[in-house]
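Within every chain, numbering begins at 1; the chains are lettered A, B, ... in the order of the sequence lines, protein sequences first and strands thereafter.
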Amino acid sequence: MSDKKIKNIFVNGAISPSFISESIAKHSSKTEIGGHSIFLGQVRKDEIDGKSVSAIEYTAFEDLALEKMHEIRENIFEKYPLSCMHIYQSLGRVSAGEICLFVFTSSAHRKPAINACEEVVERLKAELPIWGKELFEDGSHQWKENK
Amino acid sequence: MSDKKIKNIFVNGAISPSFISESIAKHSSKTEIGGHSIFLGQVRKDEIDGKSVSAIEYTAFEDLALEKMHEIRENIFEKYPLSCMHIYQSLGRVSAGEICLFVFTSSAHRKPAINACEEVVERLKAELPIWGKELFEDGSHQWKENK
Amino acid sequence: MEIELLSFGKIAEFITIKKLSIDGISDTDGLKKYLEDKFPQLSEIKYKLAVDKQIIQKNRIITDQATVAIMPPFSGG
Amino acid sequence: MEIELLSFGKIAEFITIKKLSIDGISDTDGLKKYLEDKFPQLSEIKYKLAVDKQIIQKNRIITDQATVAIMPPFSGG
């Protein structure tokens, strides 16, 4: 089921809810699917020393990130009996409250979709060379750190 | 965070992708949220003895199901630091390829949303008095069994 | 005594009565035996009772005018 | 030798040069020491190198015309 060509995962700016619903709708013809698992990352308006995060600006070492993602994708398809897997990560500016990450896995029975989705999110955050710059309302910034 | 009143979870027929995107969009004002986890159940066109499932017709002991769901909701809110939890289960006829279950949890950091979503799906399937009747193309049927 | 019966899923295909007048039965174990005698198909499948919306795990008294639900294994989601 | 430098995240705020001409350095350990001397802020943070899109886990030879990426901890998602 895995694609040999390297897929792009990057989208410019926020991921819209309508894009997500179109992705879901496309799977209605795949009638072997019984469960979809979706993770969405949303930009938090964190308060740090009295200043609020108004947006995160994402940059990436795109080539390397796509190669790494390809490797993760191949591993996940080997490990779980998935019908589909789709991954989208924002680059550029995403405002607080908007969606910056969309991971979408599907399988005949629920467990593989659920486990694969969680594993993709963990690996993407740990292994992909992507950086988030938290922009504050006053024009200052700090670099996001993943936990 | 838990509601004291018993919420309805039942919707008539399939859950549309646009309903899902509207649910997601409503959370953009909740800027304390950092992660959403979604599970979608989709009706599979299973083949059994050469016959294909064309739809599932769901019925429930609605009163008891809503009470049970309320109890599960309270437990989950006690166990995980969630911002939101939304659950929708179809009643009536849902065709193969359509969505029959939508579980949606949100939290500041990803883990509670992911773990709560999975637990709600498991408990809903095991504990809620809901029954699926698999309708075949030739007009015959069999009763669905959860694994 | 009179009890109201609710049947669900495949059980609703062979237990279609909505009321039961029974004497000499006072608890759920007795009712199960009565129902399995009257509807032999019931003894061949797994099912649970709920009395007044309480799912029964072990034997329990049934009082007049109770509502008893007969439920096959759940298959929602 | 000449190497191409790519800096990311907060490192791109203080390492802005794109090319480096260095002599007497043949591996990533040597390059790290050189960079930390030249850019003292680098020694205060965690970072990884990637040579020609290979993330470096242990010391590795660097050849002329290599592309070296200097990457702070990742924070995607």
Side-chain angles (χ1 to χ4, degrees), chain A residues 14-47 52-56 83 94-111 113-115 117-119 121-122 125 144 146-147, chain B residues 14-47 52-56 83 94-111 113-115 117-119 121-122 125 144 146-147:
Chain A
I15 296 159
S16 71
S18 65
F19 178 83
I20 296 163
S21 73
E22 283 159 28
S23 288
I24 295 167
K26 277 180 194 160
H27 290 75
S28 65
S29 58
K30 303 205 172 186
T31 52
E32 81 283 8
I33 292 173
H36 303 288
S37 186
I38 292 174
F39 179 81
L40 302 173
Q42 180 169 302
V43 173
R44 269 196 321 276
K45 202 181 195 69
D46 276 346
E47 263 203 44
S52 294
V53 171
S54 60
I56 295 182
S83 298
V94 181
S95 295
E98 291 185 319
I99 306 293
C100 54
L101 174 64
F102 173 26
V103 175
F104 184 12
T105 53
S106 310
S107 52
H109 298 276
R110 67 189 177 282
K111 284 286 181 195
I114 290 172
N115 294 337
C117 186
E118 181 171 5
E119 192 168 325
V121 172
E122 294 303 321
K125 285 178 176 263
K144 182 172 175 259
N146 279 356
K147 274 148 208 159
Chain B
I15 296 159
S16 71
S18 64
F19 178 82
I20 296 164
S21 73
E22 282 158 29
S23 287
I24 295 167
K26 278 180 194 160
H27 290 76
S28 66
S29 58
K30 303 206 172 185
T31 52
E32 81 282 8
I33 292 173
H36 303 288
S37 186
I38 292 174
F39 179 82
L40 302 173
Q42 181 168 302
V43 173
R44 269 197 321 275
K45 203 180 194 71
D46 276 347
E47 263 201 47
S52 296
V53 171
S54 60
I56 295 182
S83 298
V94 182
S95 296
E98 291 185 318
I99 306 293
C100 55
L101 174 63
F102 173 26
V103 175
F104 184 12
T105 53
S106 310
S107 52
H109 298 277
R110 67 189 177 280
K111 283 287 180 193
I114 290 172
N115 295 336
C117 186
E118 181 171 5
E119 193 168 324
V121 172
E122 295 304 321
K125 284 177 176 263
K144 181 172 177 256
N146 279 355
K147 273 148 205 157

Please look at A/Asn115 and chain B and tell me whether the side chain, the backbone, both or neither of the residue comes under 4.5 angstrom of a heavy atom of that chain.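 Contact with chain B is through the side chain of A/Asn115 alone.
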Proximal component of A/Val121, with respect to chain B [non-hydrogen, under 4.5 Å]: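 Only the side chain of A/Val121 comes within 4.5 Å of chain B.
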Between [X] and chain A, with a heavy-atom cut-off of 4.5 Å, which part of the residue counts as in contact: side chain, backbone, both or neither?
X        : value
B/Val103 : neither
B/Ala113 : neither
B/Ile33  : both
B/Ser29  : neither
B/Leu101 : neither

Does A/Lys111 reach the side chain of B/Glu118, with side-chain heavy atoms less than 4.5 Å apart?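 They are in contact (side-chain heavy atoms under 4.5 Å apart), so the answer is yes.
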Closer than 3.5 angstrom, by distance alone: can the side chain of B/Gln42 be matched with the main-chain N or O of A/His27 as a donor-acceptor pair?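 Checked: pair present.
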To the nearest 0.5 angstrom, please state how far the CD1 atom of A/Ile24 sits from the CZ atom of B/Phe19.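 With rounding to 0.5 Å, CD1 (A/Ile24) is 12.0 Å from CZ (B/Phe19).
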What distance separates A/Ile114 CD1 from B/Glu122 CD, expressed to the nearest 0.5 Å?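 Answer for the CD1-CD pair, A/Ile114 versus B/Glu122, is 6.0 Å.
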Select, from B/Ser18, B/Gly34, B/Gly35, the one with the greatest count of heavy-atom pairs under 4.5 Å involving chain A.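 Of B/Ser18, B/Gly34, B/Gly35, B/Gly34 has the most heavy-atom pairs under 4.5 Å with chain A.
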Intermediate values then yes/no, side-chain contact (heavy atoms from CB on, under 4.5 Å), B/Ile20 and A/Ile20: CA-CA 9 Å; B/Ile20 296 164; A/Ile20 296 163; 5.5 Å; no
Which heavy-atom pair separates B/Glu32 from A/Arg44 by the least distance, and what is that distance?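 In this case the closest contact between B/Glu32 and A/Arg44 is O-CD, 3.2 Å.
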Flag the one option from A/Ser52, A/Ser28, A/Ala96 with the top tally of heavy-atom pairs under 4.5 Å to chain B.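 When all of A/Ser52, A/Ser28, A/Ala96 are compared, A/Ser28 has the most.
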